[in-house]
Amino acid sequence: MKKRIISLCLALGALFLLSGCGEEDEPEAEDQTTAVEIATVSRGTISAENTVSGQVVSGGQESVYVALSVRCTAVNVEVGDTVSAGQILCTLDIAATQANYNTASLSYAKAQQSYADQSALLAQQVAQAEKNLSDTQALFALGAASQAEVDNAQLALDSARTSMTATLDQLEVSMQNYRATMEQIQASLANIGSGGKVTAPISGTVISLSAVENGFVSPSAPIATIESTSDMEVQVGVAESLIGKLQVGGQVTVTVDSAQTSFQGTIHALDTAPDANTHLYTVTIKVPPSSARGLLSGMFASVVFYTDTQNDVVIVPTEAIQTGMDGQYVYTLDQDNIAHRVVVETGLVGDGVTEITSGLSGGEVLVTVGQFYLSEGAAVRVVSSEVAS
């Protein structure tokens with residue numbers, strides 16, 4: 001009896017467990033659609049891009065020299081700094097030279113005054129001798145003076161004139177010596193301003209600097225050399241297949257990696273004959289002054305030329321285009337998010353975009369990411385959208 005009761009209890013327990021398992025929720029089916037990103041096809045302008053390597057060319061250089069060997073008391077710039085015209089580069093100790101100039105200037109002023117004073121005094125003496133001769137000659141005509149007296153008066157006049165000439169000539173030599181000393185000192189102070197300040201003659205980049213604080217500068221070496229940034233250019237050699245598509249005034253994109261800069265430049269000149277060695281045509285590109293900071297002559301530049309511009313054409317991201325046995329194609333979506341394979345023909349290729357000449361007209365919903373996992377009629381799940389351009 002007890003065994004029968006135990007067996008019945010075990011059977012009821014098993015039945016309960018089975019019924020509980022049957023009530024558990026069925027697992028949800030996974031979404032089998034492909035996740036994609038889309039964009040609306042638009043129309044716009046596109047140009048073919050041609051990238052060519054070139055080189056930065058300076059608008060000119062100027063070196064700053066001084067004619068003195070003196071101590072440098074301060075240096076205000078370093079190699080690589082960009083400076084403006086008139087900016088102080090360094091300061092020199094010119095106190096002794098300035099003192100010599102002041103002494104020569106004072107001596108010259110005194111010599112000028114002495115010349116003026118002596119000239120006036122000697123002129124009076126000559127005038128007096130001339131009057132004495134005239135009076136003696138008048139008396140001689142009246143018989144009141146002898147010929148000897150006339151001769152003595154003439155001799156006195158000649159002596160006064162000779163003395164005046166000799167004295168003034170000597171004073172003139174002294175003035176010239178003092179003036180020459182002043183001019184020599186002035187020449188040695190060329191390119192040095194008040195207080196020994198040496199300034200930049202042009203705006204540009206300091207590419208060499210010999211001045212060292214508490215060191216001596218030398219007339220044999222430039223204190224600094226400055227490369228102009230006001231007329232910087234980029235020169236590029238292009239093939240004959242490209243030169244005919246370019247025109248003066250055209251816009252280009254220039255990238256100089258070493259200066260970590262990129263900017264829009266303008267074609268300034270096109271050579272009409274190729275280089276005899278490279279057989280390439282030189283294209284000169286003007287660098288805007290605002291973009292010249294940090295550029296140095298000789299730096300390599302990458303230049304993108306834009307040619308064969310097309311307006312109001314269908315443009316799609318290049319990455320959306322695939323290539324198959326029947327040519328190039330893209331995937332578009334209908335209103336039910338069903339993918340459709342569309343064969344297209346392409347035209348110009350620009351920066352990450354391609355012109356579509358056949359297959360799309362604009363306004364279509366284009367798959368831009370996830371298209372490699374699609375096939376005709378596949379259902380998709382859109383995760384991101386934007387305008388294709």
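Along the sequence shown, the residues carry numbers beginning at 1. Bear in mind the structure is a predicted one, so any value in this text is a computation, not a measurement.
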> Distance-only, no hydrogens or angles: does the N132 side chain make a donor-acceptor pair with backbone N or O of Q128 under 3.5 Å?
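The answer is no, because no donor-acceptor pair under 3.5 Å joins these two groups.
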> Strictly distance-based, threshold 3.5 Å: is any side-chain N or O of Q371 a donor or acceptor partner for the main-chain N or O of E319?
yes
> Honestly curious: do I267 and V56 fall in one hydrophobic cluster under the side-chain, below-4.5 Å linking rule?
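Yes, I267 connects to V56 through the hydrophobic network.
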> Just wondering, more than 12 heavy atoms not from Q184 lying within 6.0 Å of its CD?
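No, the 6.0 Å shell around CD holds no more than 12 heavy atoms from other groups.
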> Testing the basics here: between F140 and A145, what is the closest heavy-atom pair and its distance to 0.1 Å?
CD1-O, 3.1 Å
> Would you check if there is a donor-acceptor pair between the side chains of S58 and S297 at a distance under 3.5 Å?
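Not at all, the side chains of S297 and S58 share no donor-acceptor pair under 3.5 Å.
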> Where the side chain of R43 meets the backbone of N311, is there a donor-acceptor pair that is under 3.5 Å apart?
no
> Any donor and acceptor pair, going by atom type alone, linking the side chain of S114 with main-chain N or O of K110 inside 3.5 Å?
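Checking the backbone N and O of K110 against the side chain of S114, no donor-acceptor pair under 3.5 Å is found.
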> Would you say CD of E376 has more than 12 non-hydrogen atoms from neighbouring residues, nucleotides or ligands within 6.0 angstrom?
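Yes - once you tally the heavy atoms of other residues, nucleotides and ligands closer than 6.0 Å, there are more than 12.
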> Between the side chains of Q186 and Y101, is a donor N or O closer than 3.5 angstrom to an acceptor N or O?
yes
> How close do G44 and I315 get, heavy atom to heavy atom, and via which atoms?
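So the minimum-distance heavy-atom pair works out to C-CD1, 3.5 Å.
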> Is there side-chain contact between T253 and Y306, with at least one heavy-atom pair below 4.5 Å?
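Answer yes - side chains close enough.
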> Do E213 and T73 have a side chain donor and acceptor closer than 3.5 Å?
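No pair is found: no donor N or O on one side chain lies under 3.5 Å from an acceptor on the other.
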> Which pair of heavy atoms, one from A292 and one from M232, lies closest together, and at what distance?
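Shortest heavy-atom contact: CB-CG, 3.9 Å.
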> Grouping I, L, V, M, F, W and Y whenever their side-chain heavy atoms are under 4.5 Å apart, do F263 and L296 come out in a common cluster?
yes
> Could you tell me whether the side chain of D334 and the main chain of D336 form a donor-acceptor pair under 3.5 Å?
yes
> Compare every heavy atom of Y331 with every heavy atom of A339, then report the nearest pair and how far apart it is.
CB-CD2, 4.1 Å
> Treat each ILVMFWY residue as a node, draw an edge where side-chain heavy atoms are under 4.5 Å apart, and state whether I243 and I285 are in one component.
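Looking at the clustering, I285 is in the same group as I243.
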> Regarding Q113 and D117, do their side chains bring together a donor and an acceptor under 3.5 Å, going by distance alone?
yes
> Answer yes or no: is there a side-chain heavy-atom contact under 4.5 Å between E227 and Q61?
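They are in contact (side-chain heavy atoms under 4.5 Å apart), so the answer is yes.
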> Please answer whether the main-chain N or O of L68 pairs with a side-chain N or O of S188 as donor and acceptor at a distance below 3.5 Å.
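Pair absent, no side-chain N/O of S188 close to backbone of L68.
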> Backbone N or O of A379 within a donor-acceptor pair of the T33 side chain at under 3.5 Å?
no
> Grouping I, L, V, M, F, W and Y whenever their side-chain heavy atoms are under 4.5 Å apart, do V342 and I356 come out in a common cluster?
yes
> If we ignore hydrogens and angles and just use 3.5 Å, is the side chain of T91 paired with the main-chain N or O of K197 as donor and acceptor?
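Here the side-chain-to-backbone pair does not exist.
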> Could you check whether any side-chain N or O of S163 sits under 3.5 Å from a backbone N or O of S159, counting only pairs where one atom can act as donor and the other as acceptor?
no
> Whether the side chain of Y108 engages the backbone of M182 through a donor-acceptor N/O pair (distance < 3.5 Å, no angle test) should be reported.
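Between the backbone of M182 and the side chain of Y108 there is no qualifying donor-acceptor contact (under 3.5 Å).
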> Quick check: are there more than 12 heavy atoms from other residues, nucleotides or ligands sitting under 6.0 Å from CD of Q170?
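No, CD of Q170 has 12 or fewer neighbouring heavy atoms, counting only those of other groups under 6.0 Å.
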> Going by atom types only, do S63 and T225 share a side-chain donor-acceptor pair under 3.5 Å?
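Yes, T225 and S63 have a side-chain donor paired with an acceptor closer than 3.5 Å.
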> Assess, by modelled atom type and distance only, whether the side chains of T255 and S302 contain a donor and an acceptor separated by less than 3.5 Å.
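The answer is no; no qualifying pair exists.
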